[in-house]
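For reference, the structure discussed in these notes is given below.
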Amino acid sequence: MLPFVDWLPRQRWYAGRHRRIQAVRPEAVTALPGMDHMLLNVTYVDGGSDRYQVFVRWGDPQPPAAERATGARIGEAEMEGGTRVGFDALYDESAAREILQLIADDKSVGTLRFASEPGATLPVDAPARVGDAEQSNTSVVFDSAAVMKLFRRVPPGLNPDLELNRVLARAGSRHVATLLGAIESTDPDGQPLTLGMVSEYARNAVEGWAMAATSARDLLNDLDKHADEVGGDLAGESFRLGEAVATVHRTLAGELGVTTGRISVDAMCDRLAEAVKTVPELAPYTDRAEAALRAAGDVEIDLQRVHGDLHLGQVLRTPAGWLLIDFEGEPGQPVEERRRPDSPLRDVAAMLRSYEYAAYQVLVGREDGDDEKLNERAREWIDRNQNAFCEGYAAVTGYDPRERGMALRAYELDKALYEVAYEAKFRPAWMRIPLKSVDRLLR
Ligand SMILES: Nc1ncnc2c1ncn2[C@@H]1O[C@H](COP(=O)(O)OP(=O)(O)O)[C@@H](O)[C@H]1O
Ligand SMILES: O=P(O)(O)O[C@H]1O[C@H](CO)[C@@H](O[C@H]2O[C@H](CO)[C@@H](O)[C@H](O)[C@H]2O)[C@H](O)[C@H]1O
């Protein structure tokens, strides 16, 4: 047995770092050409378990230094015939290509189903390397032609990232990276498992976050100029981004339907209570926040499938226009929760929040971060880009999201509260950004 207990906590995508592992057991091992596919059952001392996916390439106990450097070496295992070393196969170019070939060939091996989308061509001979921006999953880029994302934590249920990308690609959406194929399976209870997906690689793309952060920084470095006077003005792009998000919403509504219902304010209030428990600075806002959230639940609104975790880091500007990526929904929520129809205002609110982040993160850590003029300028940049985004959205849908004030505010507040708890855990220096927003939204 490989020493997964030591290796998993060292991986960027491993989500159980704050818990103590009780045991790691292979739940299913499937022999593939040149490697093993493993689904691992990780149990924790405090109860509960998670399922993780690893492709294991077996090798010699003396790996070259380059292989060790990637962190791909899982460790040694005693096997029939002697000691073998297991590596994370995604870092091995030939193994990554073999996985892509299985998809191109529409192969089924054991319970694993590798399938290409109708008419898709996969770049099976292209050079492959693991992408730099590894987050909660691992993506292998095939020479600027395709990106294969392997989900690491695999809960039961159809992953909305695959589900919605498939729907949008088949509907011909110009605002997603076209889906080329997928890897799926079924667990012993008959639940679907989404293991991976391949999409067209967006060439010459820039992340919305990088564009926004540069634009905001340029403005805040030259206080004599206003947001519409600096070279890096983003308003035109923000308008087009609003159009793109609205177009994706319209396609999802057309393909998957719209119902009417109420905002799930109970879930929002539960999140509020959780956030207050971990961040005492939120305590003075509890009653006002709960009242604002509950009030938004009094009216019926349109509900449909949405992105669910939209922010400027989830949009790519390509020469042809904006793409939305990573439709996985809010990490940490159960899959069924993430697939539940919601208001498009959730995505709009999340983008509005992201504009606040892009401007205020420039001030974090600056000695003059509390300077009044600097803060006024930051607000000006935020307002300009939020307005442009909403106008772009309205140009497609016919309604400006700001007309739905009470619901929009509830979603903004819900996201800001989520962010306070998120930052307290992962980026304490940034917690002041959402905290300030909670204060503003409840004033
Ligand atoms: N189709 C694509 N083309 C080019 N780059 C992409 C594409 N999809 C994702 N990326 C890049 O990879 C990063 C991580 O992708 P994402 O889907 O958000 O993975 P994760 O679920 O691991 O966060 C993105 O921030 C983006 O920079
Ligand atoms: O990892 P995910 O992309 O699923 O999202 C999580 O991490 C995000 C941090 O990168 C967090 O987003 C927050 O910070 C962003 C800037 O880094 C900002 O653009 C977002 O508006 C802000 O919410 C996201 O909330 C979290 O789910």
Side-chain angles (χ1 to χ4, degrees), residues 11-15 90 129-153 159-162 164-165 168-169 175-180 194 196-213 216 241 271 275 307-320 322-333 338 346-362 364 382 385-386 389 411-412 414-427 429-431 433-434 437-438:
Q11 306 313 304
R12 164 69 179 85
W13 41 261
Y14 177 67
L90 302 180
R129 62 168 181 86
V130 170
D132 310 322
E134 182 171 298
Q135 301 274 322
S136 27
N137 301 298
T138 298
S139 294
V140 181
V141 177
F142 291 89
D143 192 29
S144 310
V147 53
M148 177 168 73
K149 169 154 139 178
L150 282 315
F151 295 104
R152 290 302 195 157
R153 192 149 52 135
N159 190 315
D161 202 8
L162 175 61
L164 298 187
N165 266 297
L168 288 159
H175 295 296
V176 286
T178 305
L179 184 73
L180 302 175
T194 306
M197 54 191 266
V198 184
S199 310
E200 234 170 59
Y201 186 81
R203 292 195 188 105
N204 302 317
V206 187
E207 245 183 49
W209 175 257
M211 290 173 73
L241 181 57
R271 261 201 295 270
H307 182 285
D309 187 27
L310 201 56
H311 55 83
L312 285 160
Q314 309 276 45
V315 292
L316 299 177
R317 178 70 169 90
T318 73
W322 285 101
L323 300 182
L324 275 57
I325 59 167
D326 201 0
F327 286 74
E328 237 188 315
E330 208 172 84
Q333 294 289 319
R338 293 191 252 144
R346 175 179 289 286
D347 288 346
V348 172
M351 283 307 298
L352 300 185
R353 298 279 323 117
S354 206
Y355 282 112
E356 278 211 6
Y357 257 79
Y360 287 139
Q361 56 88 26
V362 181
V364 174
I382 295 163
N385 286 291
Q386 288 185 339
F389 177 86
Y411 280 111
E412 282 183 87
D414 182 47
K415 179 72 182 177
L417 290 164
Y418 164 86
E419 289 166 346
V420 173
Y422 177 91
E423 302 301 357
K425 201 162 158 195
F426 299 111
R427 264 185 322 204
W430 286 36
M431 195 172 83
I433 301 177
S437 313
V438 169

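Counting starts at 1 for both ligands and their atoms, in listed order. These numbers were taken from a predicted model, which means no experiment stands behind them.
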> Do S139 side-chain atoms and G131 backbone N/O form a donor-acceptor pair below 3.5 Å?
Replying inline: no
>> Quick check on side chain to side chain donor-acceptor pair (under 3.5 Å): which of T138, D326, N159 does K149 satisfy it with?
In response: D326
> For A202 and ligand 1, does the shortest N/O to N/O distance drop below 3.5 Å?
Replying inline: yes
> Please walk me through it: do R353 and E356 pass salt bridge (charged side-chain N to carboxylate O under 4.0 Å, His left out)?
Replying inline: CA-CA 5 Å; R353 298 279 323 117; E356 278 211 6; 3.2 Å; yes
>> Need the ligand 1 atom indices (1-based, order shown) with element for anything under 4.0 Å from a heavy-atom of Q314.
In response: 18 (O)
> Taking C-beta and beyond as the side chain, do R271 and L417 meet within less than 4.5 Å on heavy atoms?
Replying inline: no
> Can an N or O of D161 be found at a distance shorter than 3.5 Å from an N or O of ligand 1?
Replying inline: no
> Which ligand 1 atoms are under 4.0 Å away from a heavy-atom of K149?
Replying inline: 16 (P), 17 (O), 19 (O), 20 (P), 21 (O)
> Does ligand 2 have any atom that is closer than 4.0 Å to a heavy atom of E330?
Replying inline: no
>> Taking G308's backbone N and O only, do any of them form a donor-acceptor pair with D347's side chain (distance below 3.5 Å, no angle check)?
In response: yes
> What is the nearest protein non-hydrogen atom to atom 23 (O) of ligand 2, stated with its residue, atom name and distance?
Replying inline: E419 OE2, 2.6 Å
> With no hydrogens and no angle check, is any side-chain donor or acceptor of R338 less than 3.5 Å from a backbone partner on E328?
Replying inline: yes
> Does K415 reach ligand 2 with a nitrogen or oxygen that is under 3.5 Å from one of the ligand's nitrogen or oxygen atoms?
Replying inline: yes
>> Tell me whether S139 has any N or O atom under 3.5 angstrom from an N or O of ligand 1.
In response: no
> Stepwise, does the side-chain contact (heavy atoms from CB on, under 4.5 Å) test hold for V315 with L310?
Replying inline: CA-CA 8 Å; V315 292; L310 201 56; 4.2 Å; yes
>> Quick check on S136 - does any of its heavy atoms sit under 4.0 Å from an atom of ligand 1?
In response: yes
> Relative to the heavy atoms of Y418, which atoms of ligand 2 are at a distance of less than 4.0 Å?
Replying inline: 25 (O), 26 (C), 27 (O)
> Which residue and non-hydrogen atom of the protein lie closest to atom 7 (O) of ligand 2, and at what distance in Å?
Replying inline: Y422 OH, 2.9 Å
>> So if I count the atoms of ligand 1 from 1 in the order they appear, which ones are less than 4.0 Å from some heavy atom of V147?
In response: 1 (N), 2 (C), 7 (C)
>> Does D143 form a salt bridge (charged side-chain N to carboxylate O under 4.0 Å, His left out) with R203? I'd like the steps, not just the answer.
In response: CA-CA 10 Å; D143 192 29; R203 292 195 188 105; over 6 Å; no
>> Starting from atom 1 (O) of ligand 2, what is the nearest protein heavy atom, named by residue and atom, and what distance separates them?
In response: Q135 OE1, 4.3 Å
> Can you name the closest pair of heavy atoms from L179 and V198 and give their distance?
Replying inline: CD1-O, 3.4 Å
> Tell me, do Y357 and E419 make a side-chain contact under 4.5 Å, heavy atoms counted?
Replying inline: yes
> Evaluating non-hydrogen atoms only, which member of F327, F151, Y201 is closest to atom 4 (C) of ligand 1?
Replying inline: Y201
>> Does any part of the side chain of W13, heavy atoms only, come nearer than 4.5 Å to the side chain of R153, both counted from C-beta?
In response: no
>> When you compare ligand 2 with E423, is there at least one nitrogen or oxygen pair between them that comes in under 3.5 angstrom?
In response: no
> Identify the closest protein heavy atom to atom 19 (O) of ligand 2: which residue and atom is it, and at what distance?
Replying inline: S354 OG, 2.6 Å
> Which bit of E356 is near ligand 2, meaning a heavy atom under 4.0 Å away: side chain, backbone, both or neither?
Replying inline: neither
> Which of these, R427, H311, Q361, has its nearest heavy atom closest to atom 20 (C) of ligand 2?
Replying inline: H311
>> Applying a heavy-atom cut-off of 4.0 Å, say which part of A177 lies close to ligand 1: side chain, backbone, both or neither.
In response: side chain
> Is W430 close to ligand 2, meaning an N/O of one under 3.5 Å from an N/O of the other?
Replying inline: no
>> If you define the side chain from C-beta out and look only at heavy atoms, does anything of V348 sit under 4.5 Å from Y411?
In response: no
> With a 4.5 Å heavy-atom cut-off, do V147 and Y201 have their side chains touching?
Replying inline: yes
> At what distance is the nearest protein heavy atom to atom 4 (O) of ligand 2, and which residue and atom is it?
Replying inline: D309 OD2, 2.7 Å
>> One residue to check: D326. Relative to ligand 2, which of side chain, backbone, both or neither has a non-hydrogen atom less than 4.0 Å away?
In response: neither
> Would a distance-only check, ignoring hydrogens and angles, find a side-chain to backbone donor-acceptor pair under 3.5 Å from H311 to A350?
Replying inline: no
>> Using a plain distance cutoff, I'd like to know if N137 has any nitrogen or oxygen under 3.5 Å from a nitrogen or oxygen of ligand 1.
In response: yes
> What part of E200 sits under 4.0 Å from ligand 1 if we count only heavy atoms: the side chain, the backbone, both or neither?
Replying inline: backbone
>> Taking V420's backbone N and O only, do any of them form a donor-acceptor pair with E423's side chain (distance below 3.5 Å, no angle check)?
In response: no
> What atoms in ligand 1 come closer than 4.0 Å to a heavy atom of E328?
Replying inline: 21 (O)
> Do ligand 1 and E207 have nitrogen or oxygen atoms that lie under 3.5 Å from each other?
Replying inline: yes
